[in-house]
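Have a look at the structure below, then the notes.
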Number of protein chains: 2
Amino acid sequence: MKITYRGDYALKAVLDLALHYNQGVVTIHDLAERADVPVKFLEQVLLDLKKGGFVNSRRGINGGYLLARHPKDIKLGEVIRFIDGPVEPIACIEKGYAGCKSVYSCVIRQVCKEVAEATSGIIDNITFQDLVNRTGGAKRELVYSI
Amino acid sequence: MKITYRGDYALKAVLDLALHYNQGVVTIHDLAERADVPVKFLEQVLLDLKKGGFVNSRRGINGGYLLARHPKDIKLGEVIRFIDGPVEPIACIEKGYAGCKSVYSCVIRQVCKEVAEATSGIIDNITFQDLVNRTGGAKRELVYSI
DNA sequence: CATATTCTCCATTAACATAGTAGAGTATAT
DNA sequence: ATATACTCTACTATGTTAATGGAGAATATG
């Protein structure tokens, strides 16, 4: 698995929206500022996320973005795959093994498959609600540690 | 983790040399043919592998490549990291978290860390001897199935 | 020693992906 | 009417990856 900046920004944006779930919309400006990313770049990412059915938006004054589904119904793996593609280490798995003529490749592919399954086992079993809970814990710690 | 063609070719070459361990040298031509990769490209990869201490070489007639260490002493993860870099999904982990100002990023990094650890748990616990054994199993099956 | 063979090294190219920018346009609350 | 905020398309710059080409150096063999 490789997470690009694009993917990283997408995850941060969805997490931010999850943290503000049921609290109205969030402007792209706020999202960009909190994630410390370029507004115009995040714009593209959010547009993609909208096409992917992860977020909705409202235009005009008081407009902004909001999650299209409940945070508990969005798995981390969904967003990662949607933005950054398959989690498999592609060089050995791509195109359903069709292009691979090497007699030794099967054992390497086997390992790649193991890695992909381990990765999926993690990112497909964590929802954004889980991340919100983790962040909430961190926030509480911050509050009480002052 | 992302394995490039370069990395894939490196793994195949090392595996091939592991399969011919203690059987003298193997020419780049043979390695390239069996792995079905361009000779000149594999050349560069083998040169890197030599610099990394994975293989040795002999020039001239009867020259070729051979493993620098016993297959049981070369872990898959070593080669992957040497050729393709860190297995961490770098966008979120790079540069020791220094550049990451987002307040939400820690939970995403945490997941990335989990993925990286799961990946390491696999590739750092498989040696090329293990791969040889797996390949040998496949070969035996082939023989007996005819 | 001459020669074929094989690795060594450096330079270059082409293709592609990624990150980021620019600007005109559309919807909407007030 | 207007300011605000999303929408959409296009573009640029940069870097990485894959692959090629060619000259040079080492070595076994006759």
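Letters A, B, ... are given to chains in the order of the sequence lines, protein chains preceding strands, and every chain is numbered from 1. Quick caveat, the model's predicted, so the values are computed rather than measured.
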Nearest whole angstrom, please: distance from the [atom2] of [N] to the [atom1] of [X].
{"X": "A/L66", "N": "D/dA5", "atom1": "CG", "atom2": "P", "answer": "15 Å"}
{"X": "A/K51", "N": "D/dC6", "atom1": "NZ", "atom2": "C1'", "answer": "13 Å"}
{"X": "A/K2", "N": "D/dG15", "atom1": "NZ", "atom2": "P", "answer": "14 Å"}
{"X": "B/D48", "N": "D/dT17", "atom1": "CG", "atom2": "C1'", "answer": "13 Å"}
{"X": "B/I3", "N": "D/dA18", "atom1": "CD1", "atom2": "C1'", "answer": "17 Å"}
{"X": "B/L42", "N": "C/dT6", "atom1": "CG", "atom2": "P", "answer": "15 Å"}
{"X": "B/L47", "N": "D/dA25", "atom1": "CG", "atom2": "P", "answer": "16 Å"}
{"X": "B/D30", "N": "C/dT6", "atom1": "CG", "atom2": "P", "answer": "9 Å"}

| query | What is the minimum heavy-atom distance between A/D8 and A/I3, and which atoms define it? | reply |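 Shortest heavy-atom contact: N-CG2, 3.6 Å.
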| task | Identify the two heavy atoms, one from A/A13 and one from A/L42, that lie closest to each other, and give their separation to 0.1 Å. | result |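 Reported closest heavy-atom pair: CB-CD1, 4.2 Å.
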Polar pairs (N or O, both sides) under 3.5 Å between protein and nucleotides 19-22 of chain D?
| from | atom 1 | to | atom 2 | distance (Å) |
| --- | --- | --- | --- | --- |
| D/dA19 | OP2 | B/Y9 | OH | 3.1 |
| D/dT20 | O4 | B/Q44 | NE2 | 2.6 |
| D/dG22 | O6 | B/K40 | NZ | 2.2 |

| Can you find a pair of side-chain heavy atoms, one from B/V111 and one from A/L131, that are under 4.5 Å apart? |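 Contact flag for B/V111/A/L131 side chains = yes.
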| message | Is the shortest side-chain heavy-atom distance between A/R134 and A/I126 below 4.5 Å? | response |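 Yes - at least one pair of side-chain heavy atoms lies under 4.5 Å apart.
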| message | It should be established whether A/T4 places a side-chain nitrogen or oxygen under 4.0 Å from OP1 or OP2 of nucleotide C/dA17. | response |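 No, A/T4 has no side-chain N/O under 4.0 Å of OP1/OP2 on C/dA17.
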| task | Name the nucleic acid region contacted by A/L46, choosing base, sugar-phosphate or nothing; use a 4.0 angstrom heavy-atom cut-off, strictly under. | result |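 Answer is nothing: A/L46 stays at 4.0 Å or more from every strand.
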| Path from A/I61 to A/V25 over hydrophobic side-chain contacts below 4.5 Å | no
| query | Under a single-linkage definition using a 4.5 Å side-chain heavy-atom cutoff for Ile, Leu, Val, Met, Phe, Trp and Tyr, are A/F54 and A/Y21 assigned to the same hydrophobic cluster? | reply |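 Same cluster.
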| Given A/I123, A/D84, A/L49, A/L15, the one that forms side chain to side chain contact (heavy atoms under 4.5 Å, CB included) with A/V79 |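 Single side chain to side chain contact (heavy atoms under 4.5 Å, CB included) partner of A/V79 among A/I123, A/D84, A/L49, A/L15: A/L49.
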| field | Passing candidate, side chain to side chain contact (heavy atoms under 4.5 Å, CB included) with A/L76, options A/L11, A/D124, A/D130 | value | A/L11
| message | Need to verify one output field. Residue with the more 5' nearest nucleotide on DNA chain C, A/R58 or B/R58? | response |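 Going by which nucleotide is closer to the 5' end, it is B/R58.
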Protein-nucleotides 1-4 of chain D N/O pairs closer than 3.5 Å?
| from | atom 1 | to | atom 2 | distance (Å) |
| --- | --- | --- | --- | --- |
| D/dT4 | O2 | A/I61 | N | 3.4 |

| query | Is the count of non-hydrogen atoms from other residues, nucleotides or ligands lying under 6.0 Å from A/R69 atom CZ greater than 12? | reply |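 It does: A/R69 CZ has more than 12 such atoms within range.
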